[in-house]
Number of protein chains: 2
Amino acid sequence: MKKSTVPAADDRLPLYQRVRDDMLARISSGEWQTTAAIPTEGELTKHYGVAMGTLRKAIDTLVADGMLERSQGRGTFIRRPSFDASLFRFFRHQMRGGKHQVPRSRILNRTLTTPPVAVAAALHLLKKSQAIRIDRLRLVDDKPVLLEEIWLPQTEFAALMKIAPADFPDLLYPLYETLCGKVIASAEETLTVDSAGSHDAELMGIQAGQPVVVIERLALGFDRHPLEWCRSRGPAEDFRYQVEIR
Amino acid sequence: MKKSTVPAADDRLPLYQRVRDDMLARISSGEWQTTAAIPTEGELTKHYGVAMGTLRKAIDTLVADGMLERSQGRGTFIRRPSFDASLFRFFRHQMRGGKHQVPRSRILNRTLTTPPVAVAAALHLLKKSQAIRIDRLRLVDDKPVLLEEIWLPQTEFAALMKIAPADFPDLLYPLYETLCGKVIASAEETLTVDSAGSHDAELMGIQAGQPVVVIERLALGFDRHPLEWCRSRGPAEDFRYQVEIR
DNA sequence: TAGTGGTCTAGACCACCGC
DNA sequence: CGGTGGTCTAGACCACTAC
């Protein structure tokens, strides 16, 4: 039998899982660029010393988990989830002429400070470490739909403190990638309903005490380490969310 | 080459997809019992005249889609999604001693009548056909958490009109299966926020005008034909929903 | 122990893509 | 056209379950 060159983190694990883990590490570490195709199946079978079927099973699981995308005849690519689209799942009134619009952003505040304990815990921060806080308002057709409070570990996102708040683009995730080399791969969201405080109500153009939807999101990298914590509030009136259950 | 015995709905489709389609038809039609294991891989490869790898790929897709469950050493089984658990994803205050409780049910009303057009359309009903409407209240610790308005096609669920409302169990889906032979395989839900009308508010023990979460569910069979339409309302205060995005 | 699904191999040929 | 992923085969051996 040919000697396997798969890193043997745990010999008891099936081959295809060890291959999968190694490929995932290459994706997380940035060893494979997100713009080009990853090595071909033939190259990877040679590299790992496994059969095509085994390699394909490893890739299959990564595709199923949303890390990779195959394209017949072109190659296999690292996939970034389109979180813009996930925003659209939440709110109505975001169509114009049958097309979704990306909500406009207005940065209200950006500071370096000590986060609340709950945020620090979610981001796995050490006690008293500092974090970047960004507050911004998101608008569709100049109407406020979402008020966001974003927290980022200072150690990994320091570059964000060096650009002027006015120069922030509407979408932050591409900025995280180009400026800080951090790719958001997945996120966990929790939805609840609350009533608007007077300050929030004024910013969102509703009456204090009116119901608002609260979305708490923890965004993770490919290695499932937390990168961003965000709490968004929006008028409940505009809210709509769709799921499929199986 | 051995002649394939796979029903050739469309010769252009890959073999494993044709096998998958035929297996799905057997699941939907009830030809395979939901209690026992389906035929073994060896039997199925013989029956369809395909290689093991091809058959496994067909089964893999059905497992991925939540139709089947494999259990090493025991067999492969038809899977019913646990919709009870899906209810728990929605509301807090449903734990007692670390364990989930199934909400109690109180049937308020059960009639045979003509459904609103939106419901009739969702259920693919012909014009003026009748449907069964069930209203019920769901309670946790004797506290109302959900008010449900359920619509079912009369043709398929006639058996439900023959038992006394008081004899309805807390969970309806097992009843659909045993009494009507209908298995719910998946559902699509849409969440919005509204304010309570005076009648609903009284039933739920809250004040009129307080925010309520509205969940509209369309439940489907294995063949993806609509079987049940349900609109639930519950106090927004108790609402919590979690999702993972990828 | 017999039977199940789980893993793995080493090929073959096909369909699609970009040049 | 050459290279990519997509489909398919016909086996082998392993791990788990039930009896």
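Within every chain, numbering begins at 1; the chains are lettered A, B, ... in the order of the sequence lines, protein sequences first and strands thereafter. Heavy-atom basis, side chains included; hydrogens, waters and symmetry copies ignored.
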Given dT9(C), dA10(D), dG5(D), which nucleotide is nearest the side-chain atoms of Ala51(A)? dT9(C)
DNA chain D-proximal residues of residues 54-62 of chain A, any heavy atom under 4.0 Å: Arg56(A)
OP1, OP2 of dG6(D) versus side-chain N and O of Arg70(A): anything below 4.0 Å? yes
Taking the side chain as every heavy atom from C-beta outward, state whether Leu68(B) and Ile27(B) have any pair of such atoms under 4.5 Å apart. yes
Between dT7(D) (C1') and Gln17(B) (CD): distance, integer Å: 10 Å
Can you name the residues that form a side chain to side chain donor-acceptor pair (under 3.5 Å) with Trp32(A), not counting sequence neighbours? none
Round to a whole Å and report the spacing from CD of Glu69(B) to P of dC16(D). 19 Å
Measure from OH on Tyr16(A) to C1' on dG5(C) and round the result to the nearest Å. 12 Å
With sequence neighbours left out, the residues meeting side chain to side chain contact (heavy atoms under 4.5 Å, CB included) with Thr190(B) are Arg240(A), Gln242(A)
Pairs meeting criterion salt bridge (Lys or Arg N to Asp or Glu O under 4.0 Å) with involvement of residues 152-176 of chain B, two or more places apart: Arg104(B)-Asp170(B), Glu156(B)-Lys182(B)
Which residues pass the ring-ring contact (aromatic ring centres under 6.0 Å, His included) test with Tyr176(B), not counting sequence neighbours? Phe157(B), Tyr173(B)
By side chain to side chain donor-acceptor pair (under 3.5 Å), which residues pair with Arg106(B), not counting sequence neighbours? none
Rounded to whole Å, OH of Tyr48(A) lies from P of dC8(C) at a distance of 14 Å
To the nearest Å, how far apart are Arg20(B) CZ and dT7(D) P? 13 Å
Could you tell me if the side chain of Leu172(B) sits less than 4.5 Å from the side chain of Arg136(B), heavy atoms only? yes
With sequence neighbours excluded, what pairs up with Glu177(A) under the salt bridge (Lys or Arg N to Asp or Glu O under 4.0 Å) test? Arg80(A)
Nearest nucleotide by nearest heavy atom, which residue falls closer to the 5' end of DNA chain C, Gly75(B) or Gly53(A)? Gly75(B)
Nearest-nucleotide pick for Pro14(A), side chain only, options being dG5(C), dG5(D), dT7(C): dT7(C)
Under a 4.0 Å heavy-atom criterion, the protein footprint on nucleotides 14-19 of chain C, written with B, S and -, is -BBSS-
Selection residues 52-63 of chain B - residue pairs positive for side chain to side chain donor-acceptor pair (under 3.5 Å), sequence neighbours left out: Arg20(B)-Thr61(B), Glu41(B)-Arg56(B), Asp60(B)-Arg70(B)
Could you identify which residues of residues 23-44 of chain B place a heavy atom less than 4.0 Å from some atom of DNA chain C, listed by residue number, or say none? Thr40(B), Glu41(B)
Residue set satisfying salt bridge (Lys or Arg N to Asp or Glu O under 4.0 Å) with Glu188(B), at least two apart, ordered chain then number -> Arg224(B)
Any salt bridge (Lys or Arg N to Asp or Glu O under 4.0 Å) pairs touching residues 28-40 of chain B, not counting sequence neighbours? Arg26(B)-Glu31(B)
Between P of dT9(D) and CE of Met52(B), the distance in whole Å: 12 Å
